[in-house]
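Take a look at the structure set out below.
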Amino acid sequence: MASKTTLEKAKEWAQNSYFSPESRAEISALIEANNQKEIDERFYKDLEFGTGGMRSIRGQGINRINIYTIRKATQALCLEVLAQKSANPSICISYDSRIWSFELAKVAAEVMAGNGVKAYIYKHLNPVALLSFAVRSHKSMAGVMVTASHNPPEYNGYKVFWSDGAQVTPPNDQNIINNYYGITDFTTIKTMGFDEAVKAGMISWIDDSVEESYYKAILSKAINPQMCKDNGGKLKVIYTPIHGAGLVPCSRALADLGFTDVHVVPEQAKPDGNFPTVKSPNPENPSALKMAVDLMEKLGGDIVMGSDPDTDRLGVAIKVDGKIHYLTGNQIGILKLHYMLSEMKQKGNLDGENYVVKSVVTTPLLDTIAKKFGVEIYNTLTGFKWICGKMNELEKTAPQKRFVFATEESFGYLCHNFARDKDGVSSVSQMAEVALFYKLKGMNLLDALDKIYEEFGFSREDLLSLDYFGIEGQEKISRIMTNFRNFSDNTILGHKLVQIKDYSKGIEGLPKSNVLGFFFENGNQVYLRPSGTEPKIKFYIMIQEREGTLSNKKINAEIKATQFLDYFKAASERA
């Protein structure tokens with residue numbers, strides 16, 4: 001039988017009484033306007049359910065985030081949860097400030113209840129870390145976070161966690177994916193009305209005590225709490241949640257640790273899924289921190305910190321000698337790890353059983369620092385699902401080992417073991433602790449970095465991110481990866497290649513992943529990786545400079561990084 005055209009699929013949607021009148025009208029309008037391009041985008045495939053969940057533009061159709069695709073995803077998750085034969089299966093739910101997030105969270109709870117799975121849902125929006133913490137606190141089988149993280153306003157998404165509080169990993173992720181694609185008729189999805197399910201005890205609001213336990217837990221992991229209590233008022237902190245879920249938890253975490261001179265950007269304080277003051281609510285981008293930087297300059301602040309909508313990322317800016325500096329995710333990770341290890345060593349809390357986890361595309365300088373402190377470091381695939389998967393593995397196979405820190409270059413950090421995903425809340429309070437520690441020594445964070453570089457060597461990292469949208473974009477990204485998989489030269493820009501690692505073959509004990517690593521004789525590295533959640537391909541440039549003064553190393557590294565960026569951009573455009 002010939003497959004249906006996108007127009008046929010659209011007409012079926014528009015004529016199906018299962019969908020709401022508003023949903024059907026939206027598709028009918030596209031048909032009447034003969035908007036074939038938009039019809040193609042919405043119906044050329046089912047919304048992709050990846051290994052961690054799904055993320056897409058909001059709208060009607062099978063390739064968009066809406067209540068129907070959320071129902072389908074939740075039904076798939078429930079089938080896998082029920083397959084575990086737990087006596088009292090439950091799933092925890094949280095959500096951020098995005099448009100439809102609370103509504104979609106309630107829709108997910110209705111499907112859970114309809115399947116006989118107890119749903120625990122937060123009364124108000126909360127970050128990723130609190131979702132992970134709730135899963136572990138309730139001993140639930142799974143968790144759902146309704147979020148599109150730092151994507152533009154038109155997006156929303158659905159992130160799946162498993163019983164350990166980490167994002168779902170094999171084999172459960174693939175089972176859920178298979179379940180999802182096996183659902184071909186929306187009417188087969190089981191639901192129970194929200195109010196009915198609450199009365200039946202199948203949906204419950206998460207108790208406030210869970211949040212209180214979380215705040216106490218992260219406070220217990222502060223390295224120098226007394227220093228912060230005694231001197232917290234000496235650091236002027238500027239914080240922005242960028243209209244996301246971070247205002248209440250980050251303000252609370254800073255206050256608990258003793259930071260009293262905290263100023264929130266008023267225009268960005270309230271949750272707002274339109275993110276009206278930024279192009280994209282991503283603290284990795286300097287533009288997203290502009291209003292906070294402006295407030296820092298106005299008030300004479302010491303540090304700017306910003307978190308994304310689901311509060312799992314942290315961006316940092318400081319002003320030194322009249323110039324604004326935006327720290328990279330790698331630099332923040334370097335500062336945090338070095339501070340933790342040096343202070344732990346001084347207090348006698350390092351004993352050879354401590355370990356750190358990071359992704360392969362994160363700066364190798366962290367490996368150097370960890371090893372010099374006698375701390376074991378593990379490298380995983382990109383993403384905290386793999387980082388926390390390693391934590392969970394070690395918890396079972398080497399229970400004597402103690403977790404210290406985990407990080408990836410995309411501004412994600414975890415400095416405690418009470419949750420199993422990157423935690424922007426504890427990252428904010430810990431970063432304030434690091435900044436205060438150095439301020440009391442008369443140093444800023446750039447001074448601190450330079451001191452680390454002098455001792456451990458200089459490393460510079462740059463990221464090239466190229467966006468390619470829609471069907472054509474997917475094909476373009478595929479061509480780029482194919483071209484570099486077939487790369488046969490021995491050098492790039494005069495840098496001698498010693499190895500190309502293709503992680504799609506499942507090397508170094510890691511799961512198969514569409515990642516390429518280029519390794520050069522001089523220690524430089526370049527990784528290529530299509531994003532799993534966004535229509536883009538990323539190039540991670542890592543430059544190692546070992547000769548000359550620190551000033552010369554910085555100059556040489558910048559030149560080489562720029563050359564690499566230009567080379568890979570041009571090669572991609574030709575693909």
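All of these numbers come straight from a predicted model, not from anything done at the bench. Start at 1 with the first residue, then count along the sequence.
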Parallel, tilted or perpendicular: rings of Phe456 and His338 (30°, 60°) = perpendicular
Around atom NZ of Lys290, are there more than 12 heavy atoms of other residues, nucleotides or ligands at under 6.0 Å?
-> no
More than 12 heavy atoms of other groups within 6.0 Å of Lys45 NZ | yes
Testing Leu446, Asp302, Val304 for side-chain contact (heavy atoms from CB on, under 4.5 Å) with Ile318, which one passes?
-> Leu446
Within the distance-only criterion (no hydrogens, no angle test), does the side chain of Arg460 pair as donor or acceptor with the backbone N or O of Lys554 below 3.5 angstrom?
-> no
Mind listing the closest non-hydrogen atom pair of Gly383 and Glu408 along with its distance?
-> N-OE1, 3.0 Å
Non-hydrogen side-chain atoms of Leu497 and Phe487 separated by less than 4.5 Å | yes
Nearest heavy atoms of Ser359 and Leu381, plus distance in Å = CB-O, 3.8 Å
Whether Asn552 side chain and Gly548 backbone form a donor-acceptor pair below 3.5 Å = no
Whether over 12 other heavy atoms sit under 6.0 Å from Asp321 CG = no
Should the pair Tyr413 and Phe405 be assigned to parallel (<30°), tilted (30 to 60°) or perpendicular (>60°) ring geometry?
-> parallel
Hey, would you say the His495 and Phe564 ring centroids sit under 6.0 Å apart?
-> yes
Taking every heavy atom of Ala76 against every heavy atom of Tyr180, the minimum-distance pair comes out as CB-N, 3.4 Å
More than 12 foreign heavy atoms under 6.0 Å from NZ of Lys451: is that the case here?
-> no
Evaluate whether atom CD of Glu472 has more than 12 neighbouring non-hydrogen atoms of other residues, nucleotides or ligands under 6.0 angstrom away.
-> no
What's the shortest heavy-atom distance between Gly61 and Phe43, and which atoms?
-> CA-CZ, 3.7 Å
Taking the six-membered ring for Trp, is the centroid-to-centroid distance between Tyr540 and Phe568 below 6.0 Å?
-> no
Measure the spacing between CD1 of Ile70 and CD1 of Ile65 and express it to the nearest 0.5 Å.
-> 4.5 Å
